[in-house]
Amino acid sequence: MHVVLPDGKQLDLPQGATARDAAAAIGPRLAQDALGARVDGLLHDLLTPLPDGAQVSILTKRNLADAAELWRHTLGHVMSQAVGEYYRARGYPEGSVKRGVGPVIENGFYQDFDLPVPLKEEDLPEIEKIMHDILARDLELSRREVSRDEALAQFPADPFKQELIRDLPEDVTVTLYSQGDYTDLCRGPHAPRTGVLPKAFKLMSTSGAYWRGSEKNPMLQRVYGVAFATQKELDEHLHQLEEARRRDHRKLGKELELFLLDPLVGKGLPMWLPNGTVVREELVRFLREQQVARGYQGVITPNIGNLELYKTSGHYPYYSDSQFTPIEVDEEQYMLKPMNCPHHVRIYASKPRSYRDLPVRLAEFGTVYRYEMSGELNGLTRVRGFTQDDAHIFCRPDQLKAEFLDVLDLTVLVLRTFDLKDVRFRVGVRDPESDKYVGDEANWELAEKQIIEAVTEVGLPFTIEPGDAAFYGPKLDFVVRDVIGREWQLGTIQVDYNLPERFGLTYVGEDGQEHRPIMIHRAPFGSLERFMGILIEHYAGDFPFWLAPQQAVVIPISDRHLDYAHEVERTLRAQGLRVSVDAGSDRMNAKIRAAELRKVPAMLIVGDKEAEGREVSVRERGRGERKGVALDGLAGEYAARNANREN
RNA sequence: GCUCGUGUAGCUCAGUGGUAGAGCACUCCCUUGGUAAGGGAGAGGUCGUCGGUUCAAUCCCGACCACGAGCUCCA
């Protein structure tokens, strides 16, 4: 057989030759330095036989980054081995450490264990030490293809491995990788020796994880590690994590007094403090302006609804485990509303509609309540009571596309306004395996097709994800990451043929007959709570001028400037700006520091010179100082900045 | 919900089987100042809650509550 090298040369090799053999054929030095190989573009190790005619390029220390998946994986095995040695050293017998899965993840690896006694975070440095020792031992890795029975015999006492092996698809070759006395079921690829692995790794945390992700299964202990090609990259990564913690909306929310989660009020039920309320109300004002311009009509609906409403809509059976228990009043059951759509549907149905009236666009900042498992709750990003910037568009089939595109346009405007660039567009379609969906097949297919057409037309990059649809229709979601790297769905657009059907909605067409309207559910922010949480992290609490809870603080140099300071305050307030005087007894320097820490965009310093000339000395965050600025000019400048929603 | 961890002053955190401490913030006094902390004094805590062990618990044990990381689901 032969393989093709990057320079186009053919290399003849005996049948069954590996990348190691190929490297050796090129030169002994390369064989020594080789870590792995790219074979037809895929990452391979040196131990796996090469297919005939493959494109092969050998990876060495110089290609560490390209081979990351490979050495991270091997480091995962090294950790797994180290944990075994750790327990053996403490007198636990061979086999008392059982292993679940241990894949490579972004920036590192994890491994699930079933341990005789749980590992503590304090134990991790000790495990790391053993890992370094295993690297120093420079153990050779070997790869073995085995039969299923041999594989089962290799892990007689490990029920997890037994289950994994039994569940492997028939056509898969079962392989075992070993280093020293450690052997694991693994498909690879792996580094050739532990001595070549980068030492820039760190075990980060442990946590629980269900075997195969199901809460019906036993809980294993998962150990997370990160690993990089160089110490510098590891340090950078750790620094980034530090930075992320600094931006965490839960921390900033407290520091900047934006919101409050109070156990006595209830978990997952955030309250907005005055500062956070300013930001939130600005968001609402922004979106309302857009909605008015786009022909939406506001509606307001109550926070509870009769259970019958949700039986009709289909929410009740499908969402029963994520709703608050119904309240019984006068022998009727009421539910805290988990969604606004049923109420809006009833508003649509409250009078006859003509084709001329459509589209009807009903918008509400509607507060909804959903019962989330307590372990799911998280700051503002996962709560039990939240307000959606919800709207429902009822339209004719011929209007659907234009309406969808307008909503898409609005959503893109939202993302742009808040400078959210790291967004993923996700088309959620049905999971063919699941039966949680309502409505008929043809409508689903139509709706899915229309969404995909629209996003394609707009040219947004998107992914299609089966199983991510709502129970009544497919949707387009906007997904962003928080500072810890977790993904959160923000805005959503959903095309729905089913609720109109369930509620028997109609309009009278040109032909005088009744027709069924189509609904679009849409929420560009998604939930104001979650959006705010993401926004706080996005701006690191440093809101743009138009959103800042306090836009300017007037700082008098001494008490004799207080009168003028208040005049500055009055002048700016008259322009609708959020300004106050810092009249405390601190020195000016301390007041500047306090304002900086509170992230107030503008500090207006006034002393003798300023009072005399009706000026202010302007110090703006990130923009330096301007001295001798005319007060009236500044008021106009700031008013314009506010009106234009500039930073 | 489950596994593990955490819970001490408004905030950030020390600490001890013999009923508690720092810095910042707060109040008062002195200082009236020119672009990131002027000085001093004072006040503030049922050490998350409830039980247990003990002569004695904030500390040890248990349950509960809340928060955090993760597993599963979603705006």
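These numbers come from the heavy atoms of this one structure, side chains and all, not from hydrogens, waters or symmetry mates. Chain letters run A, B, ... following the sequence lines, proteins first, then strands; residues in each count from 1. Only a predicted model underlies this, so the values are computations on that prediction, with no experimental measurement involved.
Searching all strands for a Watson-Crick or G-U wobble partner of B:A25 with both distances below 3.5 Å returns nothing. Across all strands shown, B:U19 has no partner, as no Watson-Crick or G-U wobble contact with both distances under 3.5 Å is found. Base pairing analysis places B:A36 opposite nothing; no Watson-Crick or G-U wobble pair with both distances below 3.5 Å involves it. Pair assignment for B:C67 gives B:G5, based on Watson-Crick or G-U wobble hydrogen-bonding distances that are each under 3.5 Å. Pair assignment for B:U54 gives none, since no Watson-Crick or G-U wobble pairing has each distance under 3.5 Å. Pair assignment for B:A43 gives none, since no Watson-Crick or G-U wobble pairing has each distance under 3.5 Å. Of all nucleotides present, none satisfies the Watson-Crick or G-U wobble test against B:A14 with each distance under 3.5 Å. The partner of B:U72 is absent, by the rule that a Watson-Crick or G-U pair needs both atom distances under 3.5 Å.
Nucleotides B:G40 and B:A36, compared at atom P, are 22 Å apart to the nearest Å. Comparing the P positions of B:A22 and B:C29 gives an interatomic distance of 24 Å, to the nearest angstrom. Separation of the P atoms belonging to B:C26 and B:C64 is 41 Å when rounded to the nearest angstrom. Comparing B:G44 with B:C65, their C1' atoms sit 25 Å apart, to the nearest whole Å. When the C1' atom is used for both B:C11 and B:G45, the distance is 14 Å, rounded to whole Å.
Here the CG atom belonging to A:Leu256 is positioned 11.5 Å from the CD atom belonging to A:Gln550, to the nearest 0.5 angstrom. How far CZ of A:Arg621 is from CZ of A:Arg598: 11.0 Å, rounded to the nearest 0.5 Å.
Using a cutoff of 4.0 Å between basic side-chain nitrogens and carboxylate oxygens, A:Asp477 and A:Arg426 are scored as salt-bridged.
The base of B:A69 lies outside donor-acceptor range of the side chain of A:Arg222, with no N or O pair under 3.5 Å. For B:G34, its base sits under 3.5 Å from the side chain of A:Glu610 at one donor and acceptor pair at least. Between the base of B:C74 and the side chain of A:Glu487 there is no donor-acceptor pair shorter than 3.5 Å.
The phosphate of B:C2 (OP1 or OP2) has no side-chain N or O of A:Asn217 nearer than 4.0 angstrom. A sub-4.0 Å separation between OP1 or OP2 of B:U12 and a side-chain N or O of A:Lys254 is present.
In terms of modelled atom types and a separation under 3.5 Å, the side chain of A:Lys98 and the main chain of A:Phe160 share no donor-acceptor contact.
Heavy-atom distances to RNA chain B give each of A:Met339 and A:Lys267 a nearest nucleotide, and the one nearer the 5′ end belongs to A:Lys267. With the nearest nucleotide of RNA chain B identified for both A:Thr381 and A:Trp211, A:Trp211 has the one nearer the 5' end.
In the set B:C73, B:G34, B:U3, B:C73 carries the atom at the smallest distance from any side-chain atom of A:Arg382. Relative to the side chain of A:Phe386, the nucleotides B:G1, B:A75, B:G34 differ in distance, and B:A75 lies closest.
Contacts of A:Asp608 with the nucleic acid, taken as non-hydrogen atoms under 4.0 Å apart, include base atoms. Nucleic acid contact class of A:Asp559 (heavy atoms, under 4.0 Å, all strands): base.
Considering only heavy atoms from C-beta on, A:Asp112 stays 4.5 Å or farther from A:Gln221 through its side chain.
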